[in-house]
**Q** 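Submitted below is the structure of interest, expressed as structure tokens.
Quick note on labels: first sequence line is chain A, next is B, and so on, each numbered from 1.
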Amino acid sequence: MFYGTDLTSRLMLGTAQYPSPKILRDAIDASGTQVITVSLRREGAGGGDFRQFVNASGCRILPNTAGCHTARDAITTAHMAREMFDTKWIKLEVIGHADTLQPDPFALLEAARILCADGFQVFPYTTEDLILGEKLLEAGCEVLMPWGAPIGSGQGLNNIDGLRRMRAHFPDIPLVIDAGIGAPSQAAQAMELGFDAVLLNTAVARATDPVEMARAFGLAVAAGKLAAGAGLMPRRDMAQASTPIFGTPIFETAEVI
Amino acid sequence: MISVLGSGVAGLCAATSLHEAGFDVQVIAPPDAPVAASSYAGGMLAPFCEGESAPQVIVQRGQLAVHWWSQRVRGVETRGTLVLAAARDQSELTRFSRATQAHDSVIPGDLEPDLQGRFARGLFFRAEAHMDPRDAMAQLRSQLIANGVPFHNDGATGQIVDCRGLAARDQLHDLRPVRGEMLEVIAPDVTLTRTIRLLHPRFPCYIVPRAKGRYMIGATMVESGDARGITARAIMELLSAAYTVHPGFAEAEVIATGAGLRPAFPDNIPALRHDGDRIHLNGLYRHGFLMAPSLADDLVQLLQKGPAYAH
């Protein structure tokens with residue numbers, strides 16, 4: 001549940017960088033997503049046509065504060081978003097460095113406190129840091145969105161151990177992998193690790209065929225979620241024959257059951 | 001009589017092709033009409049590069065443009081496009097080469113000596129060209145006038161061909177604005193003879209050489225109908241990208257900046273559309289100089305079959 005909203009599709013799609021709004025719409029349909037994020041820092045009040053277009057997709061809109069570098073910037077943008085899209089949801093992104101696009105944890109927390117107190121339902125774009133995660137929850141966030149890898153890098157899950165720890169540390173908090181996903185296999189992996197959803201943009205928007213790539217991601221996220229629910233087999237160091245080994249009366253190998 | 005509304009690149013190409021096909025044409029362009037988006041264009045005739053994000057129809061039909069313009073205006077430079085990326089953005093170059101056709105892998109310094117040692121690898125699209133868009137439009141306009149095609153402030157009669165760009169939104173409800181910002185500099189320390197595209201995941205830019213040491217640097221793409229002048233952010237992004245291509249741009253004189261609203265349909269593909277007995281030629285998006293000639297051809301063929309209301 002994401003602030004009381006249940007989602008059948010666990011893929012969330014960004015709406016930037018598509019070759020055309022038409023292709024964006026087709027990609028949304030092909031992916032099966034129910035949540036799309038929309039930026040408005042740069043488009044501002046003049047972006048009405050595009051907003052109308054994404055509104056017509058029927059998806060739930062998660063406005064974002066992409067491009068904001070200070071808490072104050074992000075807060076202003078969040079207020080603008082609430083008015084424009086008539087939603088309390090806000091994907092809170094406060095960028096710490098223009099080049100690496102990593103989140104600024106201090107400004108993020110400050111903005112999260114103010115926005116939560118103001119009635120926003122905040123989806124903070126954060127790192128896998130556990131203490132920061134706890135502070136964000138204290139601030140009133142009910143969802144956390146740790147990065148997989150730097151925005152737009154397509155590197156997948158850079159710190160799998162850290163992400164596993166985060167999943168284990170916050171077993172009941174919806175966790176969404178946000179940013180850095182380049183391939184459907186990586187999205188499936190995130191779901192297999194037990195994350196609740198995956199948010200991505202570039203990997204679909206800039207694919208040679210964004211619509212087919214959106215479909216692929218939709219399937220991968222669904223597959224990963226099914227797999228996580230079905231109980232993945234644990235890894236083993238040794239091979240294990242799945243049928244008894246015939247005519248081999250020697251049972252000294254410890255691994256044979 | 002055919003009345004072409006609008007004197008941007010769409011209107012001028014339509015009027016030119018119609019006149020050449022023997023139609024009786026007039027151009028209606030009121031003096032208070034908004035500045036045509038095409039006057040801020042880069043003037044690149046780059047169908048293959050556009051294929052990176054544009055559908056195949058643009059690549060195919062855009063190939064007519066170099067010939068069309070070369071036949072009609074002076075100053076079409078068929079020197080190709082050189083596509084570059086900074087060392088750490090090499091994956092952008094790989095992506096671009098996969099998404100496009102008709103290019104060769106080159107060492108940029110071999111083609112443009114000013115880039116010697118700055119870029120290890122580039123893509124060269126040799127069949128592409130560039131020109132000065134305002135100069136090309138001025139030439140078409142004076143040729144039309146010289147050939148007896150009148151330009152009037154009002155008085156549209158007969159078959160209407162509506163080429164008003166974004167001003168036609170009152171009739172084309174799915175037309176939307178896509179803001180673009182550009183600047184023009186004089187850079188005495190820079191010598192580049194062909195269009196340069198610098199790939200970057202967030203701030204791509206192109207540099208188009210113009211006469212007398214001038215360069216056009218463009219262009220942003222923002223989903224916005226904001227019509228104010230260029231923003232500080234766009235200036236910073238475009239100039240730092242240009243500086244990455246050649247440090248000589250740091251000493252350039254900025255002689256003009258501009259911001260315009262490109263008219264675009266939801267699929268970003270320029271098109272002819274019927275609306276009653278009116279024909280719209282619109283939605284040129286970022287493909288005005290590339291696609292207007294081809295749409296003007298379609299328009300001629302359509303009207304040769306009879307008046308629009310017959311369709």
**Q** Tell me, for A/Tyr18 versus chain B, whether the close heavy atoms (under 4.5 Å) come from the side chain, the backbone, both or neither.
**A**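 The answer is neither part of A/Tyr18.
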**Q** How about A/Pro19 and B/Asp267: do any of their side-chain heavy atoms sit closer than 4.5 Å?
**A**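 Counting from C-beta outward, A/Pro19 and B/Asp267 never come under 4.5 Å.
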**Q** So which residue, B/Ile269, B/Thr231, B/Asp226, B/Asn268, ends up with the most heavy-atom pairs under 4.5 Å with chain A?
**A**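 The candidate making the most pairs under 4.5 Å is B/Asn268.
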**Q** Counting neighbours of CG on B/Asp170 that are heavy atoms of other residues, nucleotides or ligands and sit closer than 6.0 Å, is the number greater than 12?
**A**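 Counting neighbours around CG of B/Asp170, more than 12 heavy atoms of other residues, nucleotides or ligands fall under 6.0 Å, so yes.
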**Q** If you draw a 6.0 Å radius around CZ in B/Arg126, do more than 12 non-hydrogen atoms from other residues or ligands fall strictly inside?
**A**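 Atom CZ in B/Arg126 is not crowded, with 12 or fewer foreign heavy atoms closer than 6.0 Å.
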**Q** Taking atom OH of A/Tyr3 as the centre, report whether more than 12 heavy atoms of other residues, nucleotides or ligands fall under 6.0 Å from it.
**A**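 Correct, the count exceeds 12.
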**Q** Can you establish whether the number of heavy atoms outside B/Gln56 located under 6.0 Å from its atom CD is more than 12?
**A**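 More than 12 within 6.0 Å, yes.
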**Q** Side-chain contact test, heavy atoms from C-beta onward, threshold under 4.5 Å: evaluate it for A/Pro21 versus B/Arg176 and give yes or no.
**A**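 Counting from C-beta outward, A/Pro21 and B/Arg176 do come under 4.5 Å.
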**Q** A/Ala16, A/Gly152, A/Ser20: which one forms the most heavy-atom pairs within less than 4.5 Å of chain B?
**A**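 That would be A/Ser20.
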**Q** Using non-hydrogen atoms and a 4.5 Å limit, figure out which bit of B/Arg286 sits close to chain A: side chain, backbone, both or neither.
**A**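 When you check distances to chain A, no heavy atom of B/Arg286 falls under 4.5 Å.
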**Q** So, the side chain of A/Arg206 versus the backbone of B/Arg95: is there a donor-acceptor pair under 3.5 Å, distance only?
**A**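 Between the backbone of B/Arg95 and the side chain of A/Arg206 there is no qualifying donor-acceptor contact (under 3.5 Å).
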**Q** Go through A/Ile23, A/Leu24, A/Leu101, A/Asp26 and name the one with the most non-hydrogen pairs under 4.5 angstrom from chain B.
**A**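 Of the options given, most contacts go to A/Leu101.
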**Q** Tell me, side chain or backbone of B/Leu175 under 4.5 Å from chain A's heavy atoms, or both, or neither?
**A**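 The answer is the backbone of B/Leu175.
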**Q** So for B/Thr220, is it side chain, backbone, both, or neither that comes closer than 4.5 Å to the heavy atoms of chain A?
**A**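 B/Thr220 touches chain A through side-chain heavy atoms alone.
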**Q** Side chain of A/Asp49, backbone of B/Pro177: donor and acceptor closer than 3.5 Å?
**A**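 Not a single qualifying donor-acceptor pair exists.
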**Q** Using heavy-atom distances under 4.5 Å, tell me whether B/Glu92 contacts chain A through its side chain, its backbone, both, or neither.
**A**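 Only the side chain of B/Glu92 comes within 4.5 Å of chain A.
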**Q** At a heavy-atom separation under 4.5 Å, does A/Gln17 approach chain B through its side chain, its backbone, both, or neither?
**A**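 For A/Gln17, side-chain heavy atoms alone lie under 4.5 Å from chain B.
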**Q** If I take atom CZ from residue B/Arg202 and atom CD1 from residue A/Ile151, how far apart are they, to the nearest 0.5 angstrom?
**A**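 Atom-to-atom, B/Arg202:CZ and A/Ile151:CD1 are 8.0 Å apart.
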